[in-house]
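All remarks here apply to the structure that follows.
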Amino acid sequence: MPDDRANPRKAELRQLLERAETLEASLDGVLSPARDALGAGAWVSSAARPFEEGLEEARRDLVRGAQATTAALRAELASTPARIPALEVS
């Protein structure tokens, strides 16, 4: 029976998850400068309010997408074996 070895996919998934978590943490404030400018009166018109609501909806979509991606990566990482059979070379 061949020896086993560390599963390189597990390490790749761990790195992807770390990157996704970093991005997820930064996304909540990504549209803050635009929201803050609108709140400070940078654009005052009948179109400003729907635009601001669109920004908020886009922020929510970004955060939800990042959370879903992170959750999928966590699930994949959890289901990936840490060790796999080593390949035999004849």
Side-chain angles (χ1 to χ4, degrees):
M1 185 165 162
D3 294 329
D4 63 351
R5 65 184 175 100
N7 187 348
R9 180 163 169 75
K10 190 86 167 180
E12 291 170 1
L13 286 168
R14 193 172 290 114
Q15 289 176 340
L16 284 172
L17 178 58
E18 289 172 6
R19 178 74 174 131
E21 288 171 338
T22 299
L23 289 172
E24 180 183 342
S26 69
L27 282 179
D28 193 40
V30 74
L31 296 175
S32 291
R35 275 194 332 240
D36 294 346
L38 287 169
W43 183 18
V44 179
S45 76
S46 60
R49 183 71 181 149
F51 183 80
E52 186 175 4
E53 290 169 355
L55 281 177
E56 183 57 27
E57 185 176 344
R59 184 199 65 79
R60 282 192 305 268
D61 289 346
L62 283 170
V63 170
R64 273 195 298 262
Q67 289 170 339
T69 300
T70 302
L73 285 168
R74 280 190 189 110
E76 186 67 21
L77 181 63
S79 69
T80 300
R83 311 276 310 161
I84 57 174
L87 299 175
E88 286 188 38
V89 179
S90 303

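Quick note: numbers below take in every heavy atom, side chains included, and nothing from hydrogens, waters or symmetry partners.
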Among residues at least two apart in sequence or on other chains, which ones pass salt bridge (Lys or Arg N to Asp or Glu O under 4.0 Å) with [X]?
X   : value
R5  : none
E57 : none
R14 : none

query = In Å and rounded to the nearest 0.5 Å, what is the CD to OG1 distance from E18 to T70?
reply = 12.0 Å
ask   = What pairs of residues pass the ring pair (Phe, Tyr, Trp, His ring centres under 6.0 Å) test when at least one of them lies in residues 4-32, not counting sequence neighbours?
value =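 Passing the test, one end in residues 4-32: no pairs.
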request  = Determine which pairs satisfy ring pair (Phe, Tyr, Trp, His ring centres under 6.0 Å) with at least one residue from residues 6-47, sequence neighbours left out, and list them in order.
outcome  = W43-F51
Please collect all salt bridge (Lys or Arg N to Asp or Glu O under 4.0 Å) contacts where either partner lies in [range], sequence neighbours excluded, each pair once.
range          : value
residues 19-32 : E21-R74, D28-R59
residues 36-45 : none
residues 39-51 : R49-E52, R49-E53

key: Shortest non-hydrogen separation from L27 to L62 and the atoms involved   = CD1-O, 3.7 Å
request  = Name all residues meeting the side-chain hydrogen bond (donor to acceptor under 3.5 Å, both in side chains) criterion together with R60; count only those two or more places apart in sequence or in a different chain, and write none if there are none.
outcome  =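 Here no residue qualifies.
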message = Using the side-chain hydrogen bond (donor to acceptor under 3.5 Å, both in side chains) criterion, which residues pair with Q67? Sequence neighbours excluded.
response = none
message = My understanding is that only residues two or more places apart in sequence, or in another chain, count here; which of them pass side chain to side chain contact (heavy atoms under 4.5 Å, CB included) with E76?
response =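 Listed in chain order: R9, L13, S79, T80.
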key: Qualifying residues under side chain to side chain contact (heavy atoms under 4.5 Å, CB included), relative to P81, sequence neighbours excluded   = N7, I84
ask   = Under 4.5 Å between side-chain heavy atoms, hopping through other hydrophobics if needed: is there a path connecting L55 to V30?
value =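 Yes, L55 and V30 fall within the same hydrophobic cluster.
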